[in-house]
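Just below is one structure, and these are the notes that go with it.
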Amino acid sequence: MKVIVKCEKCNNEVELTPLTVGQHAYVRRNLQENNLRVFETRFDKRTNLNADKDFLGKLAKAKTENEIEEILEDDIDYQTDTDIELEELRFDCSNCGDYIVLTEFK
């Protein structure tokens with residue numbers, strides 16, 4: 001499989017083809033080399049706290065702001081679930097300024 005990004009105004013284009021095992025294509029590098037840019041223009045991020053009793057107990061026993069910061073730095077990643085969904089992706093042509101925004105990834 002391959003993806004072709006082509007500017008209709010100036011015919012600037014790049015073909016994104018897999019170069020590695022696992023079918024990975026290098027997007028940003030190939031676009032930049034061909035005067036195209038890509039931006040994640042919108043994404044939805046949801047974070048839910050799923051704190052366990054030990055974590056909450058440590059926080060409750062903390063007496064100083066430094067202790068709270070240390071507990072959060074050490075453990076907060078293990079106490080939360082984060083979901084990020086891409087909603088929009090924008091491709092810009094550096095040659096002429098035209099662009100396209102891709103939507104509806106869900």
TODO: Group every Ile, Leu, Val, Met, Phe, Trp and Tyr by side-chain heavy-atom contacts under 4.5 Å, then state whether Val5 and Tyr26 land in the same group.
DONE: no

TODO: Verify, without hydrogens or angle tests, whether Gln79 (side chain) and Asp52 (backbone) share a donor-acceptor contact under 3.5 angstrom.
DONE: yes

Open item on the list: Please say yes or no: joined through hydrophobic side-chain contacts below 4.5 Å, possibly via intermediate residues, are Leu19 and Val38 part of one cluster?
Closed with: no

Open item on the list: Could you measure the distance from the CG atom of Asp83 to the CG atom of Asp44? Nearest 0.5 Å is fine.
Closed with: 9.0 Å

TODO: Check Ile68 against Ala62 and note the closest heavy-atom contact, atom names and distance.
DONE: CG1-CB, 3.6 Å

Task: Atom CD of Glu33 with >12 non-hydrogen neighbours under 6.0 angstrom - done: yes

Open item on the list: Working to the nearest 0.5 angstrom, can you tell me the gap between Glu65 CD and Glu69 CD?
Closed with: 5.0 Å

Open item on the list: Taking Ile84 as the starting point, is it possible to reach Val27 by hopping between hydrophobic residues whose side chains are less than 4.5 Å apart?
Closed with: no

Task: Matching residue for Thr103 among Glu87, Arg90, Arg42, Glu88 - test: side-chain contact (heavy atoms from CB on, under 4.5 Å) - done: Glu88

Open item on the list: Test side chain to side chain contact (heavy atoms under 4.5 Å, CB included) on Phe91 and Leu36; report intermediate values, then the result.
Closed with: CA-CA 7 Å; Phe91 291 91; Leu36 293 162; 5.9 Å; no

- [ ] Tell me whether Val3 is reachable from Phe105 by hopping between hydrophobic residues (I, L, V, M, F, W, Y) whose side-chain heavy atoms are closer than 4.5 Å.
- [x] yes

Open item on the list: Can you confirm whether Glu8 is buried at CD, in the sense that more than 12 heavy atoms of other residues, nucleotides or ligands lie under 6.0 Å from that atom?
Closed with: no

Open item on the list: I need the Asn50 CG to Asp81 CG distance, nearest 0.5 Å.
Closed with: 4.5 Å

Task: Reported CG-to-CD distance for the pair Leu86 and Glu104, which is rounded to 0.5 angstrom - done: 12.5 Å

- [ ] Please tell me if the side chains of Leu72 and Leu59 come closer than 4.5 Å, counting only heavy atoms from C-beta onward.
- [x] yes

Open item on the list: What's the separation between atom CG in Asp54 and atom CD1 in Ile71, rounded to the nearest 0.5 Å?
Closed with: 11.5 Å

TODO: Tell me, yes or no, whether the heavy-atom count around Tyr78 atom OH, taken from other residues, nucleotides or ligands under 6.0 Å, exceeds 12.
DONE: no

Open item on the list: Are the side chains of Ser94 and Arg37 in contact, using a 4.5 Å heavy-atom criterion?
Closed with: yes

Open item on the list: Starting from Ile4, can I reach Ile100 by hopping between I/L/V/M/F/W/Y residues whose side chains sit under 4.5 Å apart?
Closed with: no

Task: Note: Lys58-Glu67 ion pair, threshold 4.0 Å (strictly below) - done: no

Task: From CA spacing to verdict: side chain to side chain contact (heavy atoms under 4.5 Å, CB included), Glu13, Asn34 - done: CA-CA 7 Å; Glu13 76 175 66; Asn34 290 280; over 6 Å; no

Open item on the list: As an exercise, state the distance from CD of Glu70 to CG of Asp75, rounded to the nearest 0.5 Å.
Closed with: 9.5 Å

Open item on the list: I'd like to know whether CZ of Phe39 has more than 12 heavy-atom contacts from other residues, nucleotides or ligands below 6.0 angstrom.
Closed with: yes

Task: Full working for side chain to side chain contact (heavy atoms under 4.5 Å, CB included) between Lys6 and Asn11 - done: CA-CA 6 Å; Lys6 182 176 182 177; Asn11 290 319; 3.4 Å; yes

